[in-house]
Amino acid sequence: GGEVSAAALYQRLSDVASRLSLSEAWVERCRADPLECGTAQGGRLNRAGRRLCALRLETLHRLEGRLETCITARASLRGLMLHYGTEAD
């Protein structure tokens, strides 16, 4: 096989770090439960929170335009791949 360029290696490492950061942020948000969805009590995940934390965010993109914001995300949950997109004023 061919050699991997340093730029390709750094890009791959950056992608992995980004996914890990998104997943950690997701778990912390579930643990904090700011919207009071019932995912945690006292900073500890309950059963619903643990199940929700099985969702792994793969990518999250937010584009701010002059008139609208576009958000796209891709997540996986036990072998399923989920895609989400929205536009808001």
Side-chain angles (χ1 to χ4, degrees):
E3 289 187 25
V4 176
S5 72
L9 177 62
Y10 289 136
Q11 181 61 50
R12 180 70 180 136
L13 290 173
S14 174
D15 291 346
V16 169
S18 178
R19 281 201 311 267
L20 288 173
S21 177
L22 284 172
S23 293
E24 289 174 16
W26 177 248
V27 171
E28 286 306 312
R29 185 160 179 95
C30 288
R31 194 172 278 136
D33 197 12
L35 300 176
E36 298 178 358
C37 296
T39 57
Q41 293 176 336
R44 293 185 56 140
L45 293 171
N46 58 23
R47 186 176 179 184
R50 287 188 301 272
R51 285 186 176 178
L52 194 56
C53 285
L55 182 76
R56 295 289 173 224
L57 294 173
E58 303 289 338
T59 60
L60 178 66
H61 298 284
R62 180 184 181 115
L63 298 172
E64 301 275 347
R66 280 187 339 121
L67 302 175
E68 63 188 14
T69 299
C70 298
I71 299 171
T72 58
R74 188 177 73 192
S76 61
L77 179 63
R78 296 188 177 124
L80 298 174
M81 201 52 119
L82 311 163
H83 299 270
Y84 173 80
T86 187
E87 294 180 9
D89 296 344

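In what follows, residues are counted from 1 in the order of the sequence shown.
Side-chain contact check for Arg44 versus Arg31: every heavy-atom pair is 4.5 Å or farther apart. Residues Arg62 and Thr69 are in side-chain contact: their nearest non-hydrogen atoms beyond the backbone lie under 4.5 Å apart. In this structure the side chain of Thr72 never reaches within 4.5 angstrom of the side chain of Leu63, judged on heavy atoms.
The NE2 atom of His83 sits 6.5 Å away from the CZ atom of Arg74 when rounded to the nearest 0.5 Å. To the nearest 0.5 Å, atoms CD (Glu24) and SG (Cys53) are separated by 12.0 Å. Residue Ser76 holds its OG atom at 5.5 Å from CE of Met81, rounded to the nearest 0.5 Å.
Minimum heavy-atom separation, Arg51 to Leu77: O-CD1, 4.5 Å.
When atom types are taken as modelled, the side chain of Arg50 and the backbone of Leu45 share a donor-acceptor pair closer than 3.5 angstrom. Side chain of Ser5 to backbone of Ala8: a donor-acceptor contact under 3.5 angstrom is found. Remark: side-chain polar atoms of Trp26 are paired, donor with acceptor, to backbone N or O of Leu52 under 3.5 angstrom. Judged purely by atom type and a 3.5 angstrom limit, Asn46 has no side-chain atom pairing as donor or acceptor with the backbone of Gln41. A distance-only check finds no donor-acceptor pair linking the side chain of Thr86 to the backbone of Ile71 [under 3.5 Å].
Heavy atoms of other residues, nucleotides or ligands lying less than 6.0 angstrom from CZ of Arg29 number 12 at most.
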